[in-house]
Amino acid sequence: MNALNKKTIEDIDVKGKKVLARCDFNVPLKDGEITNDKRIVAALPTIKYLAENGAKVILCSHLGRPKGEYKPEFSLAPVAARLSEYLGKEVKLAEDENVVGENAKAMADALEDGDVMLLENVRYRKEETKNEENFSKELASLADIFVNDAFGTAHRAHCSTTGVAAYLPAVCGYLIQKEIEFMGGALAEPKRPLVAILGGAKVSDKIGVITNLLDKCDTLIIGGGMAYTFMKSLGYNIGTSLLEEEQVENAGKMMKDAEAKGVKFLIPVDNKVGKEYDENTEAMVVESSKIPDGWMGLDIGPKTQEIFSDAIKGAGTIIWNGPMGVSEWDNFAAGTIAVANAVAASGAISIVGGGDSVAAVTKLGYSDKMSHISTGGGASLEFLEGKELPGIVALNDKD
C-alpha cells in the first residue's frame with residue numbers, strides 16, 4: 001500500500017457537489033454532554049475546506065456501540081450542536097433511526113453550496129460493521145463524492161469507511177492525509193536515527209509492531225508492563241510483575257533478532273517496584289535483575305530514565321506508543337514523564353500514538369512540541385505493523 005499516493009480533497013473539484021465525509025466523532029459523553037471534543041476539533045479543517053469550496057457537505061460517523069439498533073443515548077445530536085458552534089452556522093442532524101431515511105434524503109436534496117448536515121450514528125444499522133452492500137449503496141446514493149477523514153476507524157472495513165468507496169470517487173481528508181504523511185514517511189524514509197519507544201501492558205499486542213520496526217529502526221526502547229516478559233527471558237527474577245509466560249521465548253528471540261540486525265534494544269535496568277497494584281503502595285527502586293519475590297514493577301527507575309533519555313536525545317525520528325509505567329498514578333508516572341520530556345526536547349520528528357502516551361503528553365502541555373499526535377489507537381498500531389488499512393486502501397490513487 002503506497003499510502004502516500006492517495007488522492008486528497010485538494011485533488012478534486014467539490015464545488016456544487018454533494019460530498020459524504022466520514023469523520024471520527026466517537027466522543028466521550030456523560031449524561032448527554034460531550035466531555036472531550038478533540039475529535040470534533042480535529043475534523044474541522046476538512047469540513048471547513050469542503051464548505052468554503054462550495055461543497056454540499058453530508059457528515060457521518062459512529063458513536064459508541066449501539067450494536068446495530070437505534071438507541072437514543074448514542075445519538076449524534078450533541079455532536080451536531082457542537083459542530084454548529086464551531087462552524088458558526090447550523091449543522092442539521094437528519095434524525096432517521098435507519099440513518100439514510102426520508103429526513104436524510106430530503107435534507108441532502110435541500111442543501112445549498114457550503115451547507116453542512118450530519119447523518120445519525122452509522123452503527124444504528126447492523127449492516128455497517130459487516131460492510132454489507134445494501135447500506136453502502138444507500139450511503140453512496142446521497143452523494144457525488146466520498147471523503148474519508150476517520151483515521152481512527154481506517155483499520156476497519158465497514159460500510160462508511162470502505163464499502164461506500166466502491167460506488168463513489170473516494171479521497172482522504174486532511175486528518176488522514178496528515179497521518180499518512182507522518183506515519184508513512186517515518187516508516188518509509190525516516191530521518192535517522194529512528195528511535196521507537198514501545199510501552200504498555202502486553203507484549204502480545206505489540207509483536208507485529210516490534211517485528212516490523214526491527215527492520216526499520218536504529219534503536220528500540222521497551223518500557224511498561226511488557227518489559228518484564230523481556231527481563232524474564234534473560235532469566236531475571238521479576239517477582240509478581242506483569243508476565244506473559246507464553247511470550248517469554250518470543251521476547252528472547254526478538255532481542256536476538258535485534259542484535260543480528262544491529263538494532264540497539266533497550267529494556268529497563270532498574271524499576272520502581274511496589275508491594276501491590278495500588279497507587280499508594282509501599283515502593284522502592286531496585287535493579288532489574290533483583291526484583292524481590294512479592295514485589296511488582298510499576299515504573300522504570302531513575303537510571304533507566306537517563307539511559308532512555310540519552311537514546312532519545314540524538315534521534316532524527318521518534319515513534320512513541322505506550323507508557324513506561326502506570327502513568328495515570330502520580331507515584332508511578334515519573335518514567336513516562338521523563339520520556340515525554342526527552343521527546344519534547346529532542347528536536348526530532350516525533351509521532352505519538354496510543355491513549356496513555358497521548359494523555360501524558362497532553363497533561364504536560366507538550367502537544368505542540370510533538371510533530372504529530374496520532375488520532376487512531378488500533379489503526380496506528382496496525383499501520384506501524386505494516387498492515388494495509390482497508391479505509392486507506394479503498395481511496396483513489398493519484399494519477
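Few gaps surround NZ on Lys89; more than 12 heavy atoms of other groups in view lie less than 6.0 Å from it. Counting heavy-atom neighbours within 6.0 Å of Glu246 CD, excluding the residue itself, gives a total above 12. For Arg192, the CZ atom is densely surrounded, since the number of other residues' heavy atoms within 6.0 Å is greater than 12. Counting heavy atoms of neighbouring residues, nucleotides and ligands inside a 6.0 Å radius, atom CZ of Arg156 does not exceed 12 of them. Glu328 CD: more than 12 foreign heavy atoms inside a 6.0 Å radius. The neighbour count for Glu73 CD, taken as heavy atoms of other residues, nucleotides or ligands under 6.0 Å away, is above 12.
Shortest non-hydrogen contact noted between Thr281 and Lys275 is OG1-N, 3.1 Å. Heavy-atom minimum distance, Ser61 versus Leu76: O-CD1, 3.7 Å. Closest approach of Ala186 to Leu194, counting heavy atoms only: O-CD2, 3.9 Å. Scanning both residues, Phe265 and Ala258, for their nearest heavy atoms gives CD1-CB, 3.5 Å. Between Ile176 and Ala150, the shortest heavy-atom distance links the atoms CD1-N, 3.8 Å. In terms of heavy atoms, Ser357 sits closest to Gly353 at OG-O, 2.9 Å.
Between Thr240 and Tyr277, every side-chain heavy-atom pair lies at or beyond the 4.5 Å cut-off. In this structure the side chain of Lys313 never reaches within 4.5 angstrom of the side chain of Ser346, judged on heavy atoms. Contact check for Lys261 versus Asp215: side-chain heavy atoms found under the 4.5 Å cut-off. Residues Val91 and Met117 have side chains not in contact (no heavy-atom distance under 4.5 Å, counting atoms from C-beta outward). Annotation: side chain of Glu128 is in contact with side chain of Ser160 (closest heavy-atom distance under 4.5 Å). Using a 4.5 Å heavy-atom threshold, the side chains of Glu133 and Lys137 count as touching. No side-chain heavy atom of Asp356 sits less than 4.5 Å from a side-chain heavy atom of Thr336. With contacts defined as side-chain heavy-atom distances shorter than 4.5 Å, the pair Ile58/Leu118 does not qualify.
Screening Tyr228, Tyr236, Trp295 for a side-chain contact (heavy atoms from CB on, under 4.5 Å) involving Ser241 leaves a single residue, Tyr228. No option in Tyr174, Tyr49, Tyr86 other than Tyr86 meets the side-chain contact (heavy atoms from CB on, under 4.5 Å) test with Leu44.
Seen from the ring of Tyr124, Lys71 does not count as a face-on cation partner, given the 6.0 Å and 45° thresholds.
In this structure a side-chain-to-backbone donor-acceptor pair under 3.5 Å is present from Glu244 to Ser204. For Lys206 (side chain) and Gly199 (main-chain N/O), a donor-acceptor pair under 3.5 Å exists by modelled atom type. For the pair Thr161 (side chain) and His158 (backbone), a donor-acceptor distance under 3.5 Å is present. Between the side chain of Asn237 and the backbone N or O of Lys290 there is no donor-acceptor pair closer than 3.5 Å. Between the side chain of Asn121 and the backbone N or O of Ser75, no donor-acceptor pair lies under 3.5 Å. Counting only distance, with no hydrogens or angles, the side chain of Asp96 and the backbone of Ala104 share a donor-acceptor pair below 3.5 Å. In this structure a side-chain-to-backbone donor-acceptor pair under 3.5 Å is present from Asn26 to Gly64. Side chain of Arg125 to backbone of Asn98: a donor-acceptor contact under 3.5 angstrom is found. Checked by atom type and distance alone, the side chain of Asn331 pairs as donor or acceptor with a backbone atom of Glu279 at under 3.5 Å. Side-chain atoms of Thr317 come within 3.5 Å of backbone N or O of Lys191 as a donor-acceptor pair.
The hydrophobic cluster containing Leu220 also contains Phe383, counting ILVMFWY residues as joined when their side-chain heavy atoms lie under 4.5 angstrom apart, directly or transitively. A continuous path of ILVMFWY side-chain contacts below 4.5 Å connects Val273 to Ile222, so both sit in one hydrophobic cluster. By the criterion of side-chain heavy atoms lying less than 4.5 angstrom apart, applied directly or through intervening Ile, Leu, Val, Met, Phe, Trp or Tyr residues, Val116 is grouped together with Val171 in one hydrophobic cluster. Cluster membership check: Met183 shares its hydrophobic cluster with Ile392, using side-chain heavy-atom separations under 4.5 Å among Ile, Leu, Val, Met, Phe, Trp and Tyr. Residues Leu298 and Val286 fall into different hydrophobic clusters, defined by Ile, Leu, Val, Met, Phe, Trp and Tyr side chains chained together at heavy-atom separations under 4.5 Å.
Comment: Lys18 engages Asp109 in a salt bridge, judged by a side-chain N to carboxylate O separation of less than 4.0 angstrom. For Lys264 and Asp218, the salt-bridge test fails: no basic side-chain N is under 4.0 Å from an acidic carboxylate O. In summary, Lys303 and Asp270 do not engage in a salt bridge, as defined by a charged side-chain N under 4.0 Å from a carboxylate O. Between Lys6 and Asp397 a salt bridge is recorded (basic side-chain N to carboxylate O distance below 4.0 Å). Here Lys48 does not pair with Asp149 in a salt bridge; the nearest charged N to carboxylate O distance is not below 4.0 Å. Ion pairing between a basic and an acidic side chain is recognised when a charged N comes within 4.0 Å of a carboxylate O; Asp399 and Lys7 show such pairing. In this structure, Lys253 does not pair ionically with Glu249, as no charged nitrogen and carboxylate oxygen lie closer than 4.0 Å.
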**Asked** Can Ile180 and Gln177 be said to form a side chain to side chain contact (heavy atoms under 4.5 Å, CB included), step by step?
**Response** CA-CA 5 Å; Ile180 292 171; Gln177 184 187 5; 5.8 Å; no
**Item:** CA sep, side-chain torsions, deciding dist, call: Asn36, Val27, side chain to side chain contact (heavy atoms under 4.5 Å, CB included)
**Value:** CA-CA 7 Å; Asn36 181 332; Val27 292; over 6 Å; no
**Message:** As a quick check of understanding, evaluate side chain to side chain donor-acceptor pair (under 3.5 Å) for Ser374 and Glu179, giving each step before the final call.
**Reply:** CA-CA 7 Å; Ser374 179; Glu179 294 277 3; 3.1 Å; yes
**Message:** One pair to check against side chain to side chain contact (heavy atoms under 4.5 Å, CB included): Thr219 and Val263. What are the steps and the verdict?
**Reply:** CA-CA 5 Å; Thr219 301; Val263 175; 5.7 Å; no
**Asked** Step by step, would you call Lys272 with Phe332 a side chain to side chain contact (heavy atoms under 4.5 Å, CB included)?
**Response** CA-CA 7 Å; Lys272 190 172 183 184; Phe332 299 99; 3.9 Å; yes
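Interatomic distance, Lys178 NZ to Thr46 OG1, rounded to the nearest 0.5 Å: 11.5 Å.
Counting Ile, Leu, Val, Met, Phe, Trp and Tyr side chains that sit under 4.5 Å apart, directly or through other members, Leu364 shares a hydrophobic cluster with Val195, Ile197, Ile221, Leu266, Val269, Ile300, Ile307, Phe308, Ile312, Ile318, Trp320, Met324, Ile337, Val339, Val343, Val352, Val358, Val361, Tyr366, Met370, Ile373.
Scored by the side chain to side chain contact (heavy atoms under 4.5 Å, CB included) test, Ala81 finds no partners at all (sequence neighbours excluded).
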